[in-house]
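First the structure, in the form of structure tokens, and then the observations on it.
Remember, it's 1-based here, ligands and their atoms both numbered in the order they're listed. Quick caveat, the model's predicted, so the values are computed rather than measured.
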Amino acid sequence: MIKILHTSDWHLGKSVCGKSMIYDQKYFLEKFLVDIIKKEKPNVMVVAGDVFDKKFAPVDAIELFNRFITRMYKEFKINVVIVSGNHDSPERLSVASEILRDSGVFISSCISDLYRPIDVKDDVSNIKIYVLPYFDLLDAKVMFKEANIKTYNDAYKVIINSISDKLKASDFNVLVTHCFVAGSEFSDDEETICIGGSEEVRSSLFSSFDYVALGHLHTPQKVEDNIRYSGSPLSYSFNDKTFNKSITIIEVDKNTSKIKSIPITPLHNFKVIKGLFCDVIDKAKRNPLDDYIYIILEDKVPIYMPMEQLRVYYPNLIMLSNDSILDVCEQNKVIKDFILGKESNDRAIFEDFLSNICGIKNCKEDLKVFEELNGLIKEE
Ligand SMILES: [Mn+2]
């Protein structure tokens, strides 16, 4: 039996709401995934694109990748097959890839890599892993001299047709690629993908493969039983449909396969909390959390430094919003003008601060101190 571990969309170096995810990514690769590898002992790991979040990946992300890949070769001796995704720089990701091939690390960055499948064998099974990284439509047009390649579906059709006669029924044929397959579910952090547009690829094109390891979409899902997105290992948005992430394991015995997914335990969960400030802070005091938190306040009055107050209990509170107060401002001309700074002066702002935030009205002493200090500041 041969085991394939399928993962994708690591997006190493990504920040969410200004918070770097590098510790979470380090935890995923060096603790969670290493534990799975020790337990499951896969023969090969496929990474279906978007290793890095940016074409110019930060140094700590490159270091983490380097350390992990080295360990896969030295400690676990498993083959690693990587295709570049739309977030990766194909040239940077595939540095020294010809030499790395000899060590069982296959990094693919161009269409022509498809014609060099990777063999993984045991006594009964013969797996051929075909790789097709994310590519530019123009590259496909030039390579196949086909002017009528207008969509990714056209390109995939031509590209897959060009190897279909090489696929043998006696082999277990795997394709690793990074694209948007029609009919899949996406989450809000994937808004750049044009759904229903020229990016869409039909799953019927993959019918000659025994398993298709997809990357691009971050929600783990199967398009068909043997055509799957492993999804990203971490949530990268509070708008994620499901915060449940997983990796996929395919066990191949001759020409049959068994597929299972293993849920990922993240270092931090993503949580959205909604409510009035008093209830939210009450809950926070009773149950402090170090998860990544997004709080949606529903108060119709301004709250004094809510982020700072809540961060005492939620140190990883990374986003806070209050649509209710925006609605109030929109409806109330006085508040709107005040916020926009119309007809207000320093004294009026301070008076409003005293009454709205501190609940103190007409306190002559406070106003006197304010006027004195304000005068001094202005003199300076
Ligand atoms: Mn991605």
Inset, instruction - Confirm or rule out an N/O/S atom of His87, from backbone or side chain, lying less than 2.8 Å from the Mn ion (ligand 1). - result: no
Between [X] and [Y], a side-chain donor and acceptor under 3.5 Å:
X: Asp291; Y: Tyr314; value: no
X: Ser203; Y: Glu224; value: yes
X: Thr151; Y: Tyr156; value: no

Inset, instruction - Is it possible for you to check whether Arg92 lies under 6.0 Å from the centre of the six-membered ring of Phe56, through NZ or CZ, and within 45° of that ring's axis? - result: yes
Inset, instruction - Looking at Asp50, pick out the N, O or S atom nearest to the Mn ion (ligand 1) and give its name. - result: OD2
Legend entry - Metal-centred angle, the Mn ion (ligand 1) as apex - OD2 of Asp9, NE2 of His11, 10° resolution: 110°
